[in-house]
Amino acid sequence: MRTKLAMAMAGLGLLVSAAPMWAHHAFAAEFDATKPLKLHGVVTKMEWINPHAWIHIDVKNPDGTVTSWMVEGGSPNTLLRNGFTKNSLPAGTEIVVDGYQSKDESNKMNGRDITFPDGRKLFVGSAGQGSSPDSKSDK
Amino acid sequence: MTHRLPLVLLATPLFWGQAIFAQADLQGIWSNATITPLERPADLAGKPTFTPEEAAAYEKQVVERNNVDHRTGNADADVATAYNQFWYDRGTKAVGTRRTSLIVDPPDGHLPALTPEGQKRADEKREWMQEHATDGPEGRSLGERCILWATAGPPMLPGPYNNNFQIIQTREQVVILNEMIHDTRVIPLDGSPHVANNIREWRGDSRGHWDGKTLVVDTTNFSDEYSFRGSDRNMHLTERFTRTTPDTLLYEFTVDDPTAFTKPWTAQIAVTKTKGPIFEYACHEGNYAMMDILAGARAADKKNPK
């Protein structure tokens with residue numbers, strides 16, 4: 001049965017082509033693909049603002065000095081809907097941000113991947129969520 | 001003496017001044033999230049609907065593809081996909097009709113061709129936007145400028161997040177609050193005509209009436225700067241809202257714009273009741289990205305003076 005279905009799907013050409021992954025802003029205009037960065041820092045605050053939230057981190061440099069960075073995320077509405085609150089990422093939390101620096105070369109980057117130092121995802125449980133005409137109802 | 005109102009009266013909507021709707025009660029918070037695209041993907045040509053098994057396989061495939069936690073290894077793509085999956089709130093299911101496109105007419109599931117005039121206008125606009133992309137905010141999209149969001153409409157379509165809207169209804173007006181860009185449309189039902197032809201609005205001028213149990217909303221007077229998939233100021237948009245079950249609303253819209261499209265087209269999407277609340281999306285408040293984009297362009301100008 002599974003094979004049959006796989007064949008039917010192949011017959012239909014159901015290898016879906018890549019759809020545009022558009023976020024609110026053209027990140028390509030804001031961040032520089034030639035400036036990848038991976039920073040290990042400590043959260044100093046999170047701005048729960050729209051259209052995109054910003055996480056502020058302090059990063060310790062090899063010489064012992066500290067540099068503050070701002071990391072751009074997405075709409076906090078989605079996090080709120082999934083039950084996250086302002087207490088979900090308290091100041092002092094260590095995170096690792098893997099992303100790209102802003103084109104103006106200020107200390108800003110996109111939070112392409114944000115994890116805890118041990119590799120766990122920052123906000124677990126939201127992947128693949130979203131309502132649908134069949135699945136999300138308050139009844 | 002204490003006057004005590006019977007509890008049953010307090011619980012009656014009429015007591016609180018709410019309308020008892022002879023036509024239909026559309027009120028509530030609704031979600032239009034779905035993976036079904038507006039246009040039928042090229043590889044599904046000639047396939048208007050899925051079988052249940054095909055729909056399930058398609059859903060699995062699209063959800064996996066949409067998971068932006070899977071990086072491609074290409075830096076440009078990594079930047080474009082912006083951030084982790086947890087920020088996104090896309091649909092995960094195909095529409096309940098299992099149609100392979102939201103467009104139901106033309107039957108091929110595709111937007112009709114633009115008229116030569118419409119194509120010329122679209123090309124000119126695209127060229128202007130490319131040429132002036134970072135001169136100032138005017139060269140950026142209306143969404144980046146927090147003026148309008150492409151899926152917030154009207155007409156309303158699903159997007160990557162904030163796929164929720166609330167309908168509030170009285171006998172005289174219907175109000176639609178869209179979470180994306182927190183747009184609110186106040187739609188008169190009093191039979192009054194559209195505003196004068198020379199008055200142009202970002203989201204057009206909406207007027208509603210009842211066709212049996214279906215709310216019909218006509219919108220005209222769109223701004224010259226607004227374009228929905230190639231539409232122009234002459235777009236006449238007709239939206240139809242029908243409550244098909246207690247938890248489902250059928251939302252249909254027809255775009256009739258003879259100066260932009262070679263024929264009218266219609267899309268259909270079943271939206272479902274969802275839990276609230278609608279959250280504010282104060283787009284201008286924290287729109288640091290606009291400054292960042294322009295500051296990045298100015299930094300590049302300094303490095304490479306023209």
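Each chain gets a letter, A, B and so on, in the order its sequence line appears, and its residues count up from 1.
- Chain B forms more heavy-atom pairs under 4.5 Å with one residue of A:Thr34, A:Asn110, A:Asp113, A:Leu80 than with any other, namely A:Asp113.
- Proximity of B:Tyr281 to A:Asn50: side-chain heavy atoms (C-beta onward) are separated by under 4.5 Å at one or more points.
- Proximity to chain B at a heavy-atom threshold of 4.5 Å picks out A:Met70, A:Glu72, A:Gly73, A:Gly74 from residues 66-74 of chain A, in numerical order.
- Per-residue heavy-atom pair counts under 4.5 Å with chain B were compared for A:Asp98, A:Asp104, A:Ile49, A:Leu122, and the maximum is reached by A:Asp104.
- Applying the salt bridge (Lys or Arg N to Asp or Glu O under 4.0 Å) definition to pairs two or more places apart or across chains, those involving residues 276-303 of chain B are A:Glu105-B:Lys303, A:Lys108-B:Asp292, B:Arg298-B:Asp301.
- Residues A:Glu30 and B:Val79 form no side-chain contact, since every pair of their non-hydrogen atoms from C-beta on lies 4.5 Å or further apart.
- With sequence neighbours excluded, the residues forming a salt bridge (charged side-chain N to carboxylate O under 4.0 Å, His left out) with A:Asp32 are A:Lys35, listed by chain and number.
- Going from atom NE2 of A:His52 over to atom CG of B:Asn287 covers 8.0 Å, rounded to the nearest 0.5 Å.
- Around the NZ atom of B:Lys125, the shell of radius 6.0 Å holds more than 12 heavy atoms that belong to other residues, nucleotides or ligands.
- Checked against salt bridge (charged side-chain N to carboxylate O under 4.0 Å, His left out), A:Lys103 has no partners two or more places apart in sequence or in another chain.
- Nearest approach of A:Tyr100 to B:Asp78, heavy atoms of both residues: OH-OD2, 3.2 Å.
- Between the side chains of A:Asn77 and B:Tyr161, no donor N or O sits under 3.5 Å from an acceptor N or O.
- Of the two parts of B:Leu249, neither the backbone nor the side chain holds a non-hydrogen atom closer than 4.5 Å to a non-hydrogen atom of chain A.
- Listed here is the closest heavy atom pair of A:Ala33 and B:Ala75: O-CB, 3.5 Å.
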